[in-house]
Amino acid sequence: MPKTIMEFCEINSFTDQLIAWQRKQGRHHLPWQINRTAYRVWLSEVMLQQTQVSTVIERYQVFLKKFPTVKALASASIDDVLSEWSGMGYYTRARNLHRCAQVVVTEYQGVFPSDPKLLETLPGIGRSTAAAIAVFAYGQSAAILDGNVKRVLARVWGIQDDLSKNAAVNQLWAHAETLLPHAPEDLVSYTQGLMDFGATCCTQNKPACISQGSITCPFEDVCLAKRFDLIKHIPLKVKKVKVSTVNIDWWVLQYKDKLLLEKRPHQGIWAGLWSFPESIDLPKSAKQLERQVIKHVLTHRVLNIRPIQVTLQRPLTKIPANCEWIELADLKNLGLPTPVRLFLKNLDLIHDDA
DNA sequence: ATCCCGAAGT
DNA sequence: ACTTCGGGAT
């Protein structure tokens, strides 16, 4: 019989070994790891929720330069924020980021609270992000549990439950709490270690223990998933959402040096971003040019987009709701969904210089 | 259940 | 070139 969960917990070797691993093998020079203010930690955490480290490194620096403080972000317009967020997806989070900044300024005098429970009340900050800010910026003791951490804990302790179920996740939260180091000076290394270990060693598809790389996992001899050859089966994913196909048209109306764009509603796909109108009344004389259908894949939906290009000789008599004529030169300052940006780039109507 | 993109896999 | 999949908050 292998060493049991209890033994492994009691000797607390997971926590100690992870801290040691972090100090030797972890990442120490990411932009948000130096000068860990709450604002910088928060921004990096929100970006990292949806985007890989390599991409965030770039976007984080640009964003910080544009909005150096929580006050600067709070007083910016939402369109400026969305424009800066453009291409990163999950635009509701950019709106939450903006709202959160405003709450911090008006309710907390521009200083993020240090209590994880208070942090959690802020827009876009859930339990895990609240804990990360509390640990990194304020040295508080709190447990994180993001996708990486779930995977690591589930594997090391051989948890085969369906992690899409609340019951299983609640167990993991409780477990994560018990693993926290007791010495305050260890909290940052431990928490960062949890993130780094999941991101670089105990990865989803090619974890170190089953790859031939140079990295070796410090938990190989105690990890239950490894012992029972369950690495490929943990974490268990049961989710099976059926994906629907949606066909839409993009009416690409050009008049002189202007394009007709529609500002999308604050809820739903591409919230608050500018896209092409999907239905329109046209003068009969206008000549239509159908472009190649664009396939765009989302979590639970596949969009088949049929762009129809129309070059107008006269302006429209009536501008449709939520639409505006946008100068080609102004396109780069707008929040555009990625397929719109790509399409415009293909037509050579927009250039990517920052 | 919904929301976007890009890295990784085939 | 194509498809699949990971990532938290609401």
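In this text the structure is predicted, and so the values were computed from the model without any measurement. Here is how names work: the chains are called A, B, and so on, in the same order as the sequence lines, proteins then strands, and each is numbered from 1.
A:D161 contributes atom CG, which lies 7.0 Å from atom CD of A:Q171 (distance to the nearest 0.5 angstrom).
In this structure, A:K150 reaches neither bases nor backbone, as no heavy-atom distance under 4.0 Å exists between it and the strands shown. Base contact: A:V297 has a heavy atom under 4.0 Å from a base atom. Residue A:R59 is out of contact with every strand shown, counting any heavy-atom pair closer than 4.0 Å. At the heavy-atom level, A:P235 lies nowhere under 4.0 Å from the strands shown. Within the 4.0 angstrom heavy-atom criterion, only backbone atoms of the sugar-phosphate kind lie near A:I269; the bases stay farther away.
Not one side-chain nitrogen or oxygen of A:Q204 sits closer than 4.0 Å to the OP1 or OP2 atom of C:dC5. Under 4.0 angstrom from either OP1 or OP2 of B:dC5 there lies at least one side-chain N or O belonging to A:T338. Regarding contacts with the backbone of B:dC3, a side-chain N or O of A:R301 is found under 4.0 angstrom from either OP1 or OP2. Listed pair A:Y90 / C:dT10 fails the phosphate criterion, with no side-chain N or O lying under 4.0 Å from OP1 or OP2. Contact between the side-chain N/O atoms of A:T129 and the OP1/OP2 oxygens of C:dA9 is found at a separation under 4.0 Å. At least one side-chain nitrogen or oxygen of A:K295 sits closer than 4.0 Å to the OP1 or OP2 atom of C:dT3. In terms of phosphate contacts, A:R151 brings no side-chain nitrogen or oxygen within less than 4.0 Å of OP1 or OP2 of C:dG6. In terms of phosphate contacts, A:H296 brings a side-chain nitrogen or oxygen within less than 4.0 Å of OP1 or OP2 of B:dC5.
Taking both residues in full, the closest heavy atoms of A:R341 and A:S86 are given as NH2-OG, 3.1 Å, listed atom of the first, atom of the second, then distance. Looking at every heavy atom in both residues, A:W274 comes nearest to A:P337 through O-CD, 3.1 Å.
Taking 4.0 Å as the cut-off between side-chain N and carboxylate O, A:D330 and A:K258 do not count as a salt-bridged pair.
Between A:W157 and A:F14, the ring center distance clears the sub-6.0 Å criterion.
Between the CD atom of A:Q292 and the C1' atom of C:dA1 there is a distance of 13 Å, given to the nearest Å. With rounding to whole Å, A:L145 atom CG is found 13 Å from C:dG7 atom C1'. Protein atom CH2 of A:W85 is 14 Å distant from nucleotide atom P of B:dG6, rounded to whole Å. A:L82 has its CG atom 16 Å from the P atom of B:dC3, to the nearest Å. For the pair A:R95 CZ and C:dA9 C1', the computed distance is 16 Å after rounding to whole Å. Between A:M88 atom CE and C:dG6 atom C1' there is a gap of 17 Å when expressed in whole angstrom units. Nucleotide C:dG6 holds its C1' atom 13 Å from the CG atom of A:L48, rounded to whole Å. Computed from coordinates, the A:N148 CG to B:dA7 C1' distance equals 14 Å when rounded to whole Å.
With DNA chain B read from its 5' end, the first of the two nearest nucleotides for A:N205 and A:S86 is the one closest to A:S86. The residue among A:Q50 and A:N96 whose nearest nucleotide of DNA chain C lies closer to the 5′ end is A:Q50. Where A:T92 and A:K206 each meet DNA chain B at their nearest nucleotide, the meeting point lying more 5' is that of A:T92.
Of the listed nucleotides (B:dA7, B:dA8, C:dA9), C:dA9 has the atom at the smallest distance from the side chain of A:Q49. With B:dC4, C:dT3, B:dC3 as the candidates, the nucleotide lying closest to the side chain of A:W270 is B:dC4.
Using cut-offs of 30° and 60° for the angle between ring planes, the A:F112 and A:W42 rings count as tilted.
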Stepwise salt bridge (charged side-chain N to carboxylate O under 4.0 Å, His left out) test for A:E278 and A:R264: CA-CA 11 Å; A:E278 294 174 11; A:R264 301 189 55 93; 3.0 Å; yes

Derivation of the salt bridge (charged side-chain N to carboxylate O under 4.0 Å, His left out) call for A:E185 and A:R23: CA-CA 13 Å; A:E185 65 270 23; A:R23 294 192 169 141; over 6 Å; no

Worked verdict on A:R40 versus A:Y60 for side-chain contact (heavy atoms from CB on, under 4.5 Å): CA-CA 9 Å; A:R40 292 168 57 95; A:Y60 175 78; 3.1 Å; yes

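Looking at residues 189-202 of chain A, you'll see that no heavy atom sits under 4.0 Å from any atom of DNA chain C.
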